[in-house]
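Below: one structure, written as C-alpha cells.
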Protein chains: 2
Amino acid sequence: MDDRVSSPPHLAISGVLAQLRGYLASASLPDDGRLPPERELADVLGVTRAEVRKGLSVLESEGQIWRHVGKGTFLGARPPQLVDISDLSQRSNPLQVMKARIALEPELARLAAVNGTAADLATLADIAVACREAETWREYEAFDSRFHHQIAEAAHNPILLALLETLNAVRRAVTWGRARPSHSRPPADHHSFADHDRIVDALSHREPATAADAMRRHLQNVEDRLVGRLG
Amino acid sequence: MDDRVSSPPHLAISGVLAQLRGYLASASLPDDGRLPPERELADVLGVTRAEVRKGLSVLESEGQIWRHVGKGTFLGARPPQLVDISDLSQRSNPLQVMKARIALEPELARLAAVNGTAADLATLADIAVACREAETWREYEAFDSRFHHQIAEAAHNPILLALLETLNAVRRAVTWGRARPSHSRPPADHHSFADHDRIVDALSHREPATAADAMRRHLQNVEDRLVGRLG
DNA sequence: CACTATAACCAAAACAATATTGGTTGCGAC
DNA sequence: GTCGCAACCAATATTGTTTTGGTTATAGTG
C-alpha cells in the first residue's frame, strides 16, 4: 500500500472522479448540458480516456449524467424516449388498446360538452349519420374513427388530441383478429348507432357527466364484444 | 363546343382521371403505397404534368391518395403526424396539461390496483416516503414525478405508459409560472402527502374505484391551486 | 501475473451536401 | 384566356462523412 509517488489504482480513480466533479461544478456548459467528448476530457484533465470513462460510469450510476453513443454525455436525467408506434404496437394487445381508449375518451367527451362549439357538434352529428349510412364495414369504421376524432377536436385540448392520435396510430398497427367480409355491412340495429346517438344528444345538451358516461358505456360495449362476453 | 378533333379541356381532365384510376388499379405499387413522382407519371401517361396534378387533386379530394412535398404521393389516407413536443407545448397551457392528467391518471390508478404486483406497490410506497423527506421543492418534484410514473408502470399497460410519458414531456416543456425559492421545502402538512397516502392505501387494498377516486381528488387539488381557488 | 496505457475498431447518431418531389410562378404559343 | 413548358421554391429524402460512446486487442510496466 504505497501511495507516496503515484496514487495506487483504486485511489487514482477517485482522483479522476474528484476532477470530474470539479469540472462539472466549475465549467460553463452549453444550454443542452452537454459536456465535452471523452477524448477531449481525457486530454484536458491529463488522464487516460479509460480513467475518464470509469469516472463517468460512477457519475452515471449516481444519476448525475447520462450518455448515448453518437450523441454525447449530458448533465441530469435521461430524457424519456418518444413513442415508437411499431414497437409499441408489438408490445400491446387489443384489450390494452381498449383500456387506453376507456381512459381517454370519456374525459374527452366531458370536455367536448364544455368546450365544443356549435359547429363542432353539428359536424359530429353529420358524422353520426354517415356512420348509419355506411354500406360496408370498412366504410363504417372510417366514419366511426372520424366520429371519435371529432369529439377530441371539440374538446379543444391539443394535448389530449395528440394523445388520442397517437393511440389511434397504435390501434391501426395492432393486428386485429376479426376480418369482416367486405361485402357485408353493419346491421341496422348495431349497438354503436344508439351509443353514438346518446353521446351526440348529451353533447348537444351540454351535459358533461352524461356525455362522459355515454362514451364510457359505448367503449365498454365494444370491449365486451372484443372479449366475447357479447355480440 | 367542338369535340371532334381533340377532347375539350373539361373532358381531357376526366380522361386523365380515368387513366390515373386505371393506373392505380393495374400498376403494382411498392409496399408503402407510393406511386411514381408526378413528372414520371406525366411521361408514362403521355400527358402534361399540370394535367396529372389536376387528376391527382381530384383523387386527393376523394381521399384515394395523399401527397406531401419532398415525400411523394401515396395511396390511402394520410397517416397521423407524430407528436412534436416543442410544438405541442407552445400550443398548450398548464390548465390543459392538468385536464390531460385528470383524463389519464385516475384510470391508470384503477388499472394499477388490478394489475400491479406487490413489488410495484412496495416501490411506490418507498417513493411516497421519499416525497415526504425531500429537502427542496426541486427534489420533491422529482420524487413526485416518479410517484406518478410508478403508478403508470404498475398499470402494466405499455400504451398508457407511453401516453403518460408523452404528457410528461409536454409538461416539462410548458413554461410554469411559479418558481419556488430553491432553499425552501414543502411544508409538513402539504396536501400531496395525504393525497399520496390515500392513493397508496387504496392500491395496497386492491380497490380500483377508490384508487381512481383518490387520484382524481389529488389532481383536482393540484388544479385548484393552479387556478388559484386554493393554496 | 495483474494492471494499464495506447491505439484501433465498431455501431449509433449527428452533420453536411446533394438530389427528389409536390407546389408555384412566369412566359410564350395558340 | 388556356395550355404547354420550363424554371424556381421549400420540404424531404438520400448519401457520404464525421463525431461519439462503447469495446477489444496489443504491448508495456511493475
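Computation of the quantities below employed the complete heavy-atom set of this structure, encompassing side-chain atoms and omitting hydrogens, waters and symmetry-equivalent molecules. Given the structure is predicted, the values throughout are model-derived calculations rather than measurements. Lettering follows sequence order; numbering is per chain, from 1.
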Worksheet item: Hey, is B:Glu107 close enough to B:Arg110 for a salt bridge, meaning N to O under 4.0 Å?
Response: yes

Worksheet item: Hey, are A:Glu135 and A:Arg185 close enough for a salt bridge, meaning a charged N less than 4.0 Å from a carboxylate O?
Response: no

Can you measure [X] atom [atom1] to [N] atom [atom2] for me and round it to whole angstrom units?
{"X": "A:Arg78", "N": "C:dA13", "atom1": "CZ", "atom2": "P", "result": "11 Å"}
{"X": "A:Glu38", "N": "C:dA7", "atom1": "CD", "atom2": "P", "result": "16 Å"}
{"X": "B:Glu51", "N": "D:dC3", "atom1": "CD", "atom2": "C1'", "result": "9 Å"}
{"X": "A:Asp43", "N": "D:dT19", "atom1": "CG", "atom2": "P", "result": "15 Å"}
{"X": "A:Lys54", "N": "D:dG22", "atom1": "NZ", "atom2": "P", "result": "15 Å"}
{"X": "B:Glu60", "N": "C:dT21", "atom1": "CD", "atom2": "C1'", "result": "14 Å"}
{"X": "B:Ile65", "N": "C:dT21", "atom1": "CD1", "atom2": "P", "result": "15 Å"}
{"X": "B:Leu56", "N": "C:dT24", "atom1": "CG", "atom2": "P", "result": "14 Å"}

Item to complete: Determine the interplanar angle of the A:Trp66 and A:Phe74 rings, folded into 0 to 90°, and report it as parallel if under 30°, tilted if 30 to 60°, perpendicular if over 60°.
Response: parallel

Item to complete: Specify whether A:His190 and A:Trp137 have parallel, tilted or perpendicular ring planes, treating 30° as the upper limit for parallel and 60° as the lower limit for perpendicular.
Response: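 The rings of A:His190 and A:Trp137 stand perpendicular, inter-plane angle above 60°.
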
Worksheet item: Taking side chain as C-beta onward, heavy atoms only, is B:Leu124 less than 4.5 Å from B:Glu153?
Response: no

If only side-chain N and O atoms count, and only distance matters, is there a donor-acceptor pair under 3.5 Å linking [Y] with [X]?
{"X": "B:Arg67", "Y": "B:Ser57", "answer": "yes"}
{"X": "A:Glu165", "Y": "A:His149", "answer": "yes"}
{"X": "B:Asp120", "Y": "B:His156", "answer": "yes"}

Could you list all N or O pairs between the protein and nucleotides 8-15 of chain D that sit under 3.5 Å apart?
residue, atom, partner, partner atom, Å
D:dT12, OP1, B:His68, NE2, 3.3

Item to complete: Take the C1' atoms of the five end pairs on each side of the helix from C:dC1-D:dG30 to C:dC30-D:dG1, get both axes, and report the angle to 10 degrees.
Response: 10°

Worksheet item: Taking only residues two or more places apart in sequence, or in another chain, which ones meet A:Arg138 in a side-chain hydrogen bond (donor to acceptor under 3.5 Å, both in side chains)?
Response: none

Worksheet item: What does A:Thr48 touch in the nucleic acid at a heavy-atom separation under 4.0 angstrom: a base, only the sugar-phosphate, or nothing?
Response: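 If one applies the 4.0 Å heavy-atom cut-off, A:Thr48 turns out to touch a base.
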
Practice prompt. Taking only the side-chain nitrogens and oxygens of A:Arg53, find out if one of them lies under 4.0 Å from OP1 or OP2 of D:dG22.
Written response: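 Yes, such a contact exists.
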
Worksheet item: Using a cut-off of less than 4.0 Å, is there contact between a side-chain N or O of B:Thr73 and OP1 or OP2 of C:dG22?
Response: yes

